[in-house]
A.B. asks: 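Mind looking over this structure? Questions follow.
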There are 2 protein chains.
Amino acid sequence: MQSYTEENYLKIIYHLSEISNPVLTNAIAERIQTKAASVTDMIKKLSEKELVNYVKYQGVTLTEKGKLTAINIVRKHRLWEVFLVDKLNFKWDEVHDVAEELEHIQSNLLVERLDEFLDFPRVDPHGDPIPDKYGNFAELAFVKLSKLNSGDKGTITGVSEHSSAFLKHLEKLGLTLGKRIEIIEVLEFDGSVELLAEQQKTNISREVAKHILITKN
Amino acid sequence: MQSYTEENYLKIIYHLSEISNPVLTNAIAERIQTKAASVTDMIKKLSEKELVNYVKYQGVTLTEKGKLTAINIVRKHRLWEVFLVDKLNFKWDEVHDVAEELEHIQSNLLVERLDEFLDFPRVDPHGDPIPDKYGNFAELAFVKLSKLNSGDKGTITGVSEHSSAFLKHLEKLGLTLGKRIEIIEVLEFDGSVELLAEQQKTNISREVAKHILITKN
DNA sequence: TTTATTGTTTAGACAAATCTAAAAATTTAT
DNA sequence: ATAAATTTTTAGATTTGTCTAAACAATAAA
Ligand SMILES: [Mn+2]
Ligand SMILES: [Mn+2]
Ligand SMILES: [Mn+2]
Ligand SMILES: [Mn+2]
């Protein structure tokens with residue numbers, strides 16, 4: 001079994017390796033809110049346990065074992081988020097910190113029963129896919145809203161930024177999961193997007209558009 | 001805020017002080033599965049934080065602050081147990097270890113929403129009372145089954161022993177919460193009890209009878 | 001009322017996770 | 001290619017919770 005802290009490291013290495021592989025020490029330090037020296041220590045320990053492959057000065061990659069462990073934590077995190085939103089009426093910007101703790105509860109029975117209780121959800125409240133118990137993700141066909149052109153239509157199915165500030169902003173604009181949108185125009189000079197959501201005309205910055213995920217249809 | 005470990009100490013001191021006050025070092029050591037020396041160290045720390053009053057060689061008592069903290073952990077523990085049994089179909093002998101972890105999740109919003117979601121339960125799956133958010137317990141009128149005499153009737157409303165072995169044993173005998181029972185006879189020579197539960201005649205040892213709580217009616 | 005026995009505390013050590021400061025390696029710039 | 005800047009690692013220290021072994025107190029027995 002891994003400690004709470006080791007699990008957090010594994011999960012963050014997992015997420016970072018979607019962006020760059022191998023994952024660099026400083027990248028981990030920044031995300032985990034700690035110092036590079038501490039990261040090096042922990043990396044050595046995870047390497048001892050064969051959860052990561054580590055090459056000095058080069059960075060880390062997850063081993064198969066490490067990856068499976070990380071995915072399981074992601075699974076738990078996202079299932080708990082669904083629980084909080086669907087059953088306890090949390091808002092989508094309120095769930096992250098609590099799920100950050102709940103993801104470490106050790107009980108396979110609990111996870112499987114929770115999954116069943118929630119009716120086997122495939123995505124969490126931010127549109128992120130929930131892996132099954134074997135670690136397999138259902139592939140979801142997303143495209144960033146910022147990649148669309150005028151006339152394109154689709155449904156908001158996810159976000160790639162989870163800060164409370166961002167989520168509350170979308171809430172205010174009425175741009176929540178499941179909403180259908182249509183692009184009116186992409187402004188040339190700043191890349192901001194004019195769109196229609198529920199008969200409502202709205203303008204969002206390119207920065208915001210980059211973090212909204214759309215299923216075209 | 002207290003650490004996970006400090007919370008476990010406070011909760012155990014709380015439970016033990018129902019039996020003896022002040023609570024002795026060795027009693028804590030036994031319950032928390034650690035050595036007396038470690039308990040002394042922790043007690044000093046809790047005393048520093050004014051969560052317990054400590055007199056060397058005498059033992060500890062909880063301060064008002066410590067007691068409220070402990071009751072809040074008990075509240076969370078029992079609410080989670082209800083959740084596991086009522087919503088996730090855990091058996092009453094399967095919930096303890098998971099609740100032991102879940103009780104440490106830090107979020108008042110979570111606890112209050114969970115309470116509401118569970119419809120404000122007053123007792124947990126073992127018949128133990130759940131304090132409200134201010135730390136008040138609804139007084140429940142229990143009597144040990146071992147105190148009853150032949151002819152007495154009542155309902156099983158709690159147990160005072162939570163081991164999986166004991167709970168499974170009761171399950172097998174059909175002596176679960178809510179079952180109505182009637183005492184046929186209390187055997188003189190060993191104190192064992194012959195009783196009727198759902199038309200079924202059963203004999204239980206005095207030891208078992210001492211841990212079953214009855215509401216007479 | 002000395003002597004055992006038991007219970008509790010202290011002293012000193014250790015593992016886990018963290019830090020600061022300094023050294024070493026790598027990358028970038030000149 | 002050499003120097004400068006950046007990144008990463010090491011060395012040594014700190015905090016938290018634990019341990020063993022030894023000292024000390026309180027209680028029970030002789
Ligand atoms: Mn976490
Ligand atoms: Mn999420
Ligand atoms: Mn606990
Ligand atoms: Mn219980």
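Hydrogens, waters and symmetry mates play no part in the numbers below; they use all other heavy atoms, side chains included. By convention in this document, chain letters (A, B, ...) are assigned in the order of the sequence lines, proteins followed by strands, and residues within each chain are numbered from 1.
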A.B. asks: Tell me which residues in residues 2-12 of chain A put a heavy atom below 4.0 Å from DNA chain C, sorted by number, or none.
C.D. replies: A:S3, A:T5, A:Y9
A.B. asks: With A:N72, which residues qualify under side chain to side chain contact (heavy atoms under 4.5 Å, CB included), at least two apart?
C.D. replies: A:R75, A:K76
A.B. asks: Once you round it to whole Å, what is the distance between C1' of C:dA13 and NZ of B:K35?
C.D. replies: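 The answer, rounded to whole Å, is 15 Å.
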A.B. asks: With sequence neighbours left out, write down each residue that passes ring pair (Phe, Tyr, Trp, His ring centres under 6.0 Å) with B:Y9, or none if nothing qualifies.
C.D. replies: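 In terms of ring pair (Phe, Tyr, Trp, His ring centres under 6.0 Å), with neighbours along the sequence ignored, B:Y9 is linked to no residue.
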A.B. asks: Could you tell me how far apart A:K49 (NZ) and C:dA16 (C1') are, to the nearest whole angstrom?
C.D. replies: 10 Å
A.B. asks: Would you call the rings of A:H96 and A:H77 parallel, tilted or perpendicular, taking 30° and 60° as the class edges?
C.D. replies: tilted
A.B. asks: Quick one: B:D41 CG to C:dA15 P, roughly how many Å, whole number?
C.D. replies: 17 Å
A.B. asks: Can you name the ring pair (Phe, Tyr, Trp, His ring centres under 6.0 Å) partners of A:Y4, sequence neighbours left out?
C.D. replies: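 For A:Y4, the residues satisfying ring pair (Phe, Tyr, Trp, His ring centres under 6.0 Å) (neighbours in sequence not counted) are A:H104.
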A.B. asks: Under 3.5 Å, which N/O atoms of the protein pair with N/O atoms of nucleotides 6-9 of chain C?
C.D. replies:
residue: C:dT8; atom: OP2; partner: B:N26; partner atom: N; Å: 3.0
residue: C:dT8; atom: OP2; partner: B:N26; partner atom: ND2; Å: 3.1
residue: C:dT9; atom: OP1; partner: B:Y54; partner atom: OH; Å: 2.3
residue: C:dT9; atom: OP1; partner: B:Y57; partner atom: N; Å: 3.0
residue: C:dT9; atom: OP2; partner: B:T25; partner atom: OG1; Å: 2.9
residue: C:dT9; atom: OP2; partner: B:T40; partner atom: OG1; Å: 2.9
residue: C:dT9; atom: O5'; partner: B:Y54; partner atom: OH; Å: 3.3

A.B. asks: For residues 20-40 of chain B, which side-chain N or O atoms pair as donor and acceptor with protein atoms under 3.5 Å away, sequence neighbours left out?
C.D. replies:
residue: B:S20; atom: OG; partner: B:P22; partner atom: O; Å: 3.4
residue: B:T40; atom: OG1; partner: B:A36; partner atom: O; Å: 3.2

A.B. asks: Under the rule for salt bridge (Lys or Arg N to Asp or Glu O under 4.0 Å), what residues qualify as partners of B:E207, not counting sequence neighbours?
C.D. replies: B:K210
A.B. asks: The criterion is salt bridge (Lys or Arg N to Asp or Glu O under 4.0 Å); which residues satisfy it with B:K49, sequence neighbours excluded?
C.D. replies: B:E6
A.B. asks: For the pair made of CD1 in A:I32 and C1' in C:dA16, what is the distance, rounded to whole Å?
C.D. replies: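 Taking atom C1' of C:dA16 as the reference, CD1 of A:I32 is at 15 Å.
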A.B. asks: Got a sec, which residues hit side chain to side chain contact (heavy atoms under 4.5 Å, CB included) with A:Q58, two or more places apart in sequence or on another chain?
C.D. replies: A:V55
A.B. asks: Could you check how far CD of B:E48 sits from P of D:dT15, rounded to whole Å?
C.D. replies: 14 Å
